[in-house]
Amino acid sequence: MSKTAPERPGRLLGANRDFTLLWSGQSVAALGSTSCMVAYPLLILDVTHSPAQVGLVMAVGVIARLVVGLPAGVFVDRCDKRRLMLACGAGQLVTQAILVSAVAGHWVSIGLVLAVEIVGATLATFFGIAEETAVRQVVRTDQLPLALARSEARGAAAVLAGPPLGGLLFALAPVFPFAANAASSLVSLACIAFIRTPMPSTLTARAATVGWWSVGGRELVSGLRWIWHQPFLRVTLLLISGNNLVSNALSIIAIVVSGQRGDSAATTGLLMTFAGVGTLAGALFAPRLVQRLSVRTILVANRCLWAALIPLFLVVDSTYVIGALFAVMFAMGPTGSTAVTTHQMGVTPPELQGRASSARGFFTSLAAPIGLGLAGFSLGHFGLVVSVLSLTAWVILMAVIATVSRAIRSPSAAQRSSGKTR
């Protein structure tokens, strides 16, 4: 009797009802939320006529995500993931409905927008960590790379389509993008409600008996401590954070250079569109590359590619060519993040999944404001050439670290060593 060939993970994932519901609901929600990336600044400008207030609201949202990230990981580990996502989704829907009513009734204030942004960012952080750990519970281990890559592709596609859609809807009527966002949250809630896979707390029975009032700083940073004691994760996340620093710095440099050339705002905005196209394309190919290439090869190749392309920012005189460079550079990102996240979720103990995910996000998110600040400081004090060459040197250093690191060359051995020494 002939053996039947095993089904491909992609085909099995497509038949996974609960993952399809989770992914579809979040795809719609991501489109709604990214459409407000443009609508929020436009609304604030309408209300306050102050660009500074726009920056304030956006900064508050980023700070809120960083502040609640680690506590959210503790909360996720202690809760039923599906119920937590439903509660966060319902909270987001309520705040969005309040904002829709305020915009429609012309009683919007900067205080209301700030409150909505803080609450929305907080709930989105809890929801995002719960969703990532839920993916681990609804898909098989061999399907994780494909599932994570599809989530990355979903985010990239939303960033491409959402802002133009938000601008169009706002032009028709200011209330439309916020109403669309609320509708997308309702769709997401409906999809989560139909998920059947149990997603209970993963804490041990003893840990689960500890009350919230007993949770201290040690538990809040337990995810960070656990990741730091895994040589492979410690090195790879530092490398990914280093790349995030460079990508944010390059974005500022490209925008400044584009403005100095006298490009229109629309033309400058295309830079981020090119980056989104590259990320989306990379996410589509990430599962195959993760299966065929080692993590070390992926990380080294990415940094060598960046080191070769970054100096071209000094000689290229076309925003479109710079956009093409962005597309090529950002295309490798999803492969590296998919490989590292797959490894992290595979080796993390069940009771630490939420805290490890929040710690990983905290690790990598800190690099964004640092990169933005350093780029602005370097451009203002040292000029374009020094700024670009410094970023090139930084990427070369990361390529060397990725090449010589024993932890990346043999993650399984590093994992065993870590387990013995702890």
Side-chain angles (χ1 to χ4, degrees), residues 17-47 54 57-58 61 64-65 81-109 112-132 134-135 138 150-196 273 276 280:
R17 174 185 176 276
D18 285 350
F19 175 76
T20 300
L21 281 170
L22 183 62
W23 186 88
S24 301
Q26 284 313 106
S27 296
V28 176
L31 181 62
S33 62
T34 53
S35 69
C36 290
M37 289 171 61
V38 170
Y40 264 116
L42 292 175
L43 177 66
I44 299 165
L45 283 174
D46 270 1
V47 173
V54 175
V57 173
M58 298 298 103
R65 286 178 171 84
K81 314 301 181 290
R82 179 173 168 275
R83 291 179 181 174
L84 180 58
M85 287 189 290
L86 286 172
C88 291
Q92 288 175 309
L93 183 59
V94 170
T95 57
Q96 290 158 9
I98 292 173
L99 183 60
V100 169
S101 300
V103 176
H106 303 287
W107 48 276
V108 180
S109 66
L112 174 65
V113 176
L114 273 171
V116 168
E117 179 65 17
I118 293 172
V119 174
T122 300
L123 293 174
T125 302
F126 277 79
F127 188 104
I129 297 171
E131 186 216 352
E132 183 174 291
V135 170
V138 300
R150 287 188 178 178
S151 296
E152 189 107 23
R154 174 190 72 200
V159 170
L160 280 176
L165 176 62
L168 174 62
L169 292 175
F170 193 92
L172 294 174
V175 73
F176 282 175
F178 304 105
N181 191 24
S184 71
S185 294
L186 188 60
V187 172
S188 173
L189 270 176
C191 289
I192 295 169
F194 283 105
I195 292 176
R196 297 171 183 167
T273 301
L280 178 58

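The line from OG1 of T122 to CD of E117 is 9.5 Å long, rounded to the nearest 0.5 Å. Expressed to the nearest 0.5 Å, how far CG of L165 lies from CG of L160 amounts to 12.5 Å. The structure places CD of E131 at 4.5 Å from CD of Q26, a figure rounded to the nearest 0.5 Å. Going from atom CD1 of I98 over to atom CG of L93 covers 10.0 Å, rounded to the nearest 0.5 Å. With rounding to the nearest 0.5 Å, the separation of CZ in F170 from OG in S35 is 12.0 Å.
A64 approaches I118 most closely through the heavy-atom pair CB-O, 4.4 Å. Residues L99 and V116 share a closest heavy-atom pair of CD2-CG1, 4.2 Å. Smallest separation of non-hydrogen atoms from A121 and G61: CB-O, 3.7 Å. Looking at every heavy atom in both residues, L123 comes nearest to G91 through CD1-C, 3.5 Å. In terms of heavy atoms, L31 sits closest to A161 at CD1-CB, 3.9 Å. Shortest non-hydrogen contact noted between A29 and N181 is O-OD1, 4.4 Å.
Residues S185 and Q92 bring no donor and acceptor atom of their side chains to less than 3.5 Å of each other.
Taking the ring-ring contact (aromatic ring centres under 6.0 Å, His included) definition, one finds that F127 meets it with nothing, sequence neighbours left out.
More than 12 heavy atoms of other residues, nucleotides or ligands shown are found within 6.0 angstrom of CZ on R17.
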Going through the checks in order, is the side-chain contact (heavy atoms from CB on, under 4.5 Å) test met by C88 and M85?
CA-CA 5 Å; C88 291; M85 287 189 290; 5.8 Å; no

C191 and W23: CA distance, side-chain angles, deciding distance, side-chain contact (heavy atoms from CB on, under 4.5 Å) verdict
CA-CA 9 Å; C191 289; W23 186 88; over 6 Å; no

With side-chain contact (heavy atoms from CB on, under 4.5 Å) as the criterion, how do L42 and D46 come out once you've worked through the C-alpha distance, each side chain's angles and the decisive distance to 0.1 Å?
CA-CA 6 Å; L42 292 175; D46 270 1; 5.8 Å; no

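When atom types are taken as modelled, the side chain of R82 and the backbone of I195 share a donor-acceptor pair closer than 3.5 angstrom. Checked by atom type and distance alone, the side chain of S24 never pairs as donor or acceptor with a backbone atom of L21 at under 3.5 Å. In terms of modelled atom types and a separation under 3.5 Å, the side chain of R196 and the main chain of D18 share no donor-acceptor contact. Looking only at distances, a side-chain donor or acceptor of T34 sits under 3.5 Å from a matching main-chain atom of A158.
Residues Y40 and P177 form no side-chain contact, since every pair of their non-hydrogen atoms from C-beta on lies 4.5 Å or further apart. I44 has its side chain out of reach of P41: every pair of non-hydrogen atoms, C-beta onward, lies at least 4.5 Å apart.
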